[in-house]
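Report on one structure; see the data block that follows.
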Amino acid sequence: MAIQTRPLGHTGTDVTILGYGAMELRGQPYGPAIPDEEAGRLLNAVLDGGISLIDTSIDYGRSEELIGRYVGHRRDEYFLASKCGCLLGPPPPGARPPFPHDYTAANVRAGVEQSLRRLGTDRLDLVQVHMSPSREQLAAG
């Protein structure tokens, strides 16, 4: 049985009504330990099961690298969404999620470029602003 699809906003693209959120692929210490090969099996099962939307973020640790490594060769099979505003390096010492964010144009641009490299792709289908910043926070960036 195929998973139903619907248009995603005004993108003109139909995606499955069930998507895969890759946060749990981030690994320890903020998520479960998952061996790389298991992550690869999971990601391929997501696509083999008919899901066409994968959502990830810089804040999701290793998820971007794992997506690029294990399903990057299947890039035309899924709509790829990631986030912007996240810090590009490791979180500050002792920080617990949610981590601080930086919505400056330079950080957003650098984050998108980093995500493209990690994901092994030339495009993100959707870039979302992470953590629902206020208008004031966005204007300050």
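Note that the structure is a prediction, hence the values are computed from the model and not measured.
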Identify whether the distance between the nearest side-chain nitrogen and carboxylate oxygen of Asp102 and Arg109 falls below 4.0 Å. no
Val71 pairs by side-chain contact (heavy atoms from CB on, under 4.5 Å) with which of Leu42, Asn44, Val46? Asn44
Donor + acceptor pair across side chains of His101, Asn107 (<3.5 Å): no
Among Leu126, Val127, Asp59, Leu124, which residue satisfies the side-chain contact (heavy atoms from CB on, under 4.5 Å) criterion with Ser82? Leu124
OG-CD distance between Ser63 and Glu65, expressed to the nearest 0.5 angstrom: 7.5 Å
Would you say Tyr70 ends up clustered with Ile34 if hydrophobic residues are merged whenever their side chains have heavy atoms under 4.5 Å apart, either directly or through other cluster members? yes
Same hydrophobic cluster for Val129 and Phe99, using side-chain heavy-atom links shorter than 4.5 Å among ILVMFWY? no
Take Arg118 and Ile58, measure what side chain to side chain contact (heavy atoms under 4.5 Å, CB included) needs, and give me the verdict at the end. CA-CA 9 Å; Arg118 287 178 167 180; Ile58 294 169; 3.9 Å; yes
So does Arg74 have more than 12 non-hydrogen atoms from other groups sitting under 6.0 Å from CZ? yes
In short, Leu66 meets Leu25 closest at the heavy-atom pair CD1-O, 3.7 Å
For Arg135, does the CZ atom sit with more than 12 other heavy atoms under 6.0 Å from it, leaving out its own atoms? no
Going from CD1 on Ile51 to OH on Tyr78, what distance comes out if it is rounded to the nearest 0.5 angstrom? 13.5 Å
Decide yes or no on side chain to side chain contact (heavy atoms under 4.5 Å, CB included) for Leu43 and Ile67, but give the supporting numbers first. CA-CA 7 Å; Leu43 288 163; Ile67 291 165; 4.0 Å; yes
Going through the distances and angles, do Arg75 and Thr121 end up as a side chain to side chain donor-acceptor pair (under 3.5 Å)? CA-CA 8 Å; Arg75 181 63 183 89; Thr121 188; 3.2 Å; yes
Taking the six-membered ring of Tyr60, is the NZ or CZ of Arg62 close enough (under 6.0 Å from the centre) and on axis enough (within 45°)? no
Should Leu8 and Phe79 be marked as a side chain to side chain contact (heavy atoms under 4.5 Å, CB included) after you check the CA-CA gap, both sets of side-chain angles, and the distance that decides it? CA-CA 10 Å; Leu8 181 66; Phe79 186 94; 3.4 Å; yes
Would Thr56 and Glu64 count as having a side-chain donor-acceptor pair, cut-off 3.5 Å? no
Test of understanding: clusters of I, L, V, M, F, W, Y form through side-chain heavy atoms closer than 4.5 Å, transitively. Do Leu116 and Leu119 belong to the same one? yes
